[in-house]
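Since this is a predicted model, take the numbers as computed values, not measurements. Letters A, B, ... mirror the listed sequences (proteins, then strands); counts begin at 1.
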Amino acid sequence: MNILSLLKKRFYPVLAELVSDPDVLLEMIRPSQDPKFGDYQVNCAMPLGKQLGKPPREVAEEIVAQLQITDLCEDPEIAGPGFINLRIKNTWIVEQLMKSGADKRLGIVRVDTPRKFVIDFSSPNVAKPMHVGHIRSTVIGDALTRSLRFLGHEVISDNHLGDWGTQFGMIIYGFKHFAIKSDYERQPVDELSRLYKLVNQLIEYHQAKAGLADREDHILQLEQRLNEFSKAMEEAGRQKDKKAKKDRRSLESQLADAREKAALAKSIVMTVESDQALATLAAKHAEIGSAVLSETAKLHSGDEENRQLWHEFLPHCRADMQRIYDRLGVVFNVEHGESFYHEQLESVVTSLVTRGLARESEGAICMFLEGFKAPFIIRKKDGAFLYATTDLATIQFRMLEWEPDAILYVVDHRQSEHFDKLFFGARQWGHNQVELTHISFGTVLGEDGKPFKTRSGAAVGLESLLDEAVNKALSVVSENDERKPNGPELKIEERQRIAAVVGHAAIKYADLSHNRTSDYVFSYDKMMALEGNTATYMQYSYARVQSIFARGHIDVDALRTAGTPLEIAHAAERALALELLRFSEALQEVATDYRPNHLTNYLFELAKKYSVFFEHCPVLKADGPQQRQSRLRLCDLTARTIQLGLELLGIDVVDRM
RNA sequence: GCGCCCGUAGCUCAGUUGGAUAGAGCAGCGGACUUCUAAUCCGCAGGUCAAAGGUUCGAAUCCUUUCGGGCGUGCCA
């Protein structure tokens, strides 16, 4: 049941009498901002008045006169220039909540016309440690998968792994030169991961070392240019010239950037050179960079030994990654990585060339797409394919295999141009029926407002990020438990179990509660806070309900099946009850915009309404069994809504905190 | 240079796609614990929605320009 769509249904016939296309007008029915304007407001009388050449209030009155809504709403009020304000009847709210309470889905009906979605998300590079950059795609993609599926859509979640790239050249090279066989046999995952890190470190060392002089030069050049520019500015008396100031700022930030990068390069070099064993290794493998590329090329061209090693390594690398997915509770339906499409790339290029959609340019095969300055390159001049090629092959495969209505790519905003081109190209290629959408998201920033990095400038490992969150959660849970009026209630193992749930939840929720299109600042303290729009606050609200049930020895099953009517007397009860019925509106918004933060916003509103209720309406000590039973049911519905809502975001609850 | 995104309270962020007096949380100030979890709740204060112009009954939201920031920009993904 969805109040908004119900209202639309009631307004439809009335508006259809007035205009040919009432859909636009129906969109103007929405929840009221202010309770004094009722629960819902209808704003369509104003534009309609203009269209029909009548005073809007008159139009509003006509609409109201025709409206069949007495079972659902009190008498509509017309206010201001022509707003129609609706107030839902308490009897109706009670009736609906009774139905929701008896339903496992809390009254949320499945969509009439299910669509088939492929959601492409997470997509890390196998064999490289996952880092903070993977969190948003993984968490948002999982939440969308869960939400759309719950609404009745068919969803295929696909982890488009990077399993065919240079990182395999790296571990193959590492395996051939540095492997400790006994370690590999005992703990293949650990050994492969060590090899990756080692080879990566050596490559970075050589790159950094080779670039050091150039970096210094570059800094000197920039310093000189900046000096000259400033001097020229002074001489020309342009100190206040905006353009000149802007150019100088740009030079300054380039310089700062160059210095930062030089410092990072120096520290990479230092780290290796200060370690005797590493330094020796680095000297011995001076050509490691190109050697790794050639191992990768051999793998791609079908070299038997490298193919065999790849087949051997891949499951281990994938297993290593599974630890993270287990912790996050993320499951995929399919995992077709880049390697899966390897065999199809040639024919993709041929197909596009044959159809005249792609042609040779400067040695590469390109698609020149209308409205784009740079071409979409699908084959490099050295003959190698690119991710553009793989992405096209992937679309082709998905269309043939599943015939989806929509393919969603949960990938950060920096790739928006790539996807614009990809979608454009795919449509030219003939895939023009399917919805192709880039679910873009912003960057995770550190507290300094710059992309979240470790102090040394490296990406923050995802595993250590989660560990840290669980640690912080443990101290939050422990501190709270110590402070309880009757002394601590939780054993250490319970605290740890709770901390694991709370810690992971905090990370996920912080991500999901922000509008995905904006960047957000990562802060353990904020995400773990009990105040504000956090998972912890939601989980706390849930736990408070459970605490009431425990204290009152409530048989929850009996409560749900008893069929005792709800009472709505107190304003806080009404506000809570109505909010409970809005769950489906929030889910609808998530599905329309592909934005989970609509759901977190809803849950926060619900939790706040529950807090007010909790404050003003004693439950166990209510006036009489009737009221007590009614309030218990409101508590139960709140807890179940929070639990289900969080579940659709991939977040668990605990009974005690 | 060109393209895309962004600019909302001291800070971190929402803002239901153009609706009525722009909202939360932190931080600040003032209140509420012999009470179902005070990890909470209530109240106060805090705004030229970057700026200017335009579109209309009505703009944080749409258009134009300016300022400020981020990202991308022919052979990485």
*Provide the distance between the two C1' atoms, one in B:A45 and one in B:G23, to the nearest whole Å.*
15 Å
*Pick base, sugar-phosphate or nothing for A:M657, based on heavy-atom distances below 4.0 Å to the nucleic acid.*
base
*Using the P atom in both, what is the distance from B:U8 to B:C49, to the nearest Å?*
12 Å
_Between B:U21 and B:G28 - P atom distance, rounded Å_ = 33 Å
*Is the charged tip of A:R359 near the ring of A:F368: under 6.0 Å from the six-membered ring centre and within 45° of its axis?*
yes
_Sugar-phosphate only, base, or nothing, as touched by A:Y537 at under 4.0 Å among non-hydrogen atoms_ = sugar-phosphate
_Taking the C1' atom in each of B:G72 and B:C63, what is the distance between them to the nearest angstrom?_
25 Å
_Parallel, tilted or perpendicular: ring planes of A:Y387 versus A:H418, cut at 30 and 60 degrees_ = parallel
*asked:* Categorize A:S547 for me: base, sugar-phosphate, or nothing, with a 4.0 angstrom heavy-atom threshold over every strand shown.
replied: base
_Below 30° counts as parallel, above 60° as perpendicular, anything between as tilted: where do the rings of A:F340 and A:H336 land?_
parallel
*Syn versus anti for B:U17, judged by chi lying within 90° of 0?*
syn
*Value in whole Å for how far the P atom of B:U12 lies from CZ of A:F452*: 16 Å
*When you look for runs of 3 or more Watson-Crick or G-U pairs in a row, both distances below 3.5 Å, which of them include RNA chain B?*
B:1-7 with B:67-73, B:10-13 with B:23-26, B:28-32 with B:40-44, B:50-54 with B:62-66
*Could you say whether A:C617 or A:D593 is positioned toward the 5' end of RNA chain B, judged by the nucleotide with the nearest heavy atom to each?*
A:D593
_Spacing of the C1' atoms in B:U61 and B:U56 (rounded, Å)_ = 14 Å
*Contact letters for nucleotides 69-77 of chain B, in which S counts primed atoms plus P, OP1 and OP2 and B counts the base, heavy atoms under 4.0 Å*: S-SS-BBSB
*Look at all strands and tell whether A:P56 reaches a base, only sugar-phosphate, or nothing, counting heavy atoms closer than 4.0 Å.*
nothing
*Heavy atoms under 4.0 Å, any strand shown: does A:A543 hit a base, just sugar-phosphate, or nothing?*
base
*asked:* Filter on side-chain hydrogen bond (donor to acceptor under 3.5 Å, both in side chains), then keep only pairs touching residues 364-383 of chain A, sequence neighbours left out; what's left?
replied: A:E346-A:R379
*Is A:R544 near enough to B:C36 that one of its side-chain N or O atoms lies under 4.0 angstrom from OP1 or OP2?*
no
*For RNA chain B, the residues among residues 507-517 of chain A that have a non-hydrogen atom under 4.0 Å from it*: A:H514, A:N515
*nucleotides 20-35 of chain B: protein proximity per nucleotide (B base, S sugar-phosphate only, - neither; heavy atom, under 4.0 Å)*: BB--SSS---------
*Given A:R595 and A:E589, is the salt bridge (Lys or Arg N to Asp or Glu O under 4.0 Å) satisfied, shown in steps?*
CA-CA 7 Å; A:R595 271 174 45 190; A:E589 287 170 11; over 6 Å; no
*asked:* Can you list everything that forms a side chain to side chain contact (heavy atoms under 4.5 Å, CB included) with A:D21? Sequence neighbours excluded, please.
replied: A:D23, A:V24
_Pi-cation contact, A:F604 with A:K608 (under 6.0 Å, within 45°)_ = yes
_What's A:V545 touching, base or sugar-phosphate or nothing? Going by heavy atoms closer than 4.0 Å._
nothing
*Separation between the P atoms of B:C13 and B:G54, rounded to whole Å*: 34 Å
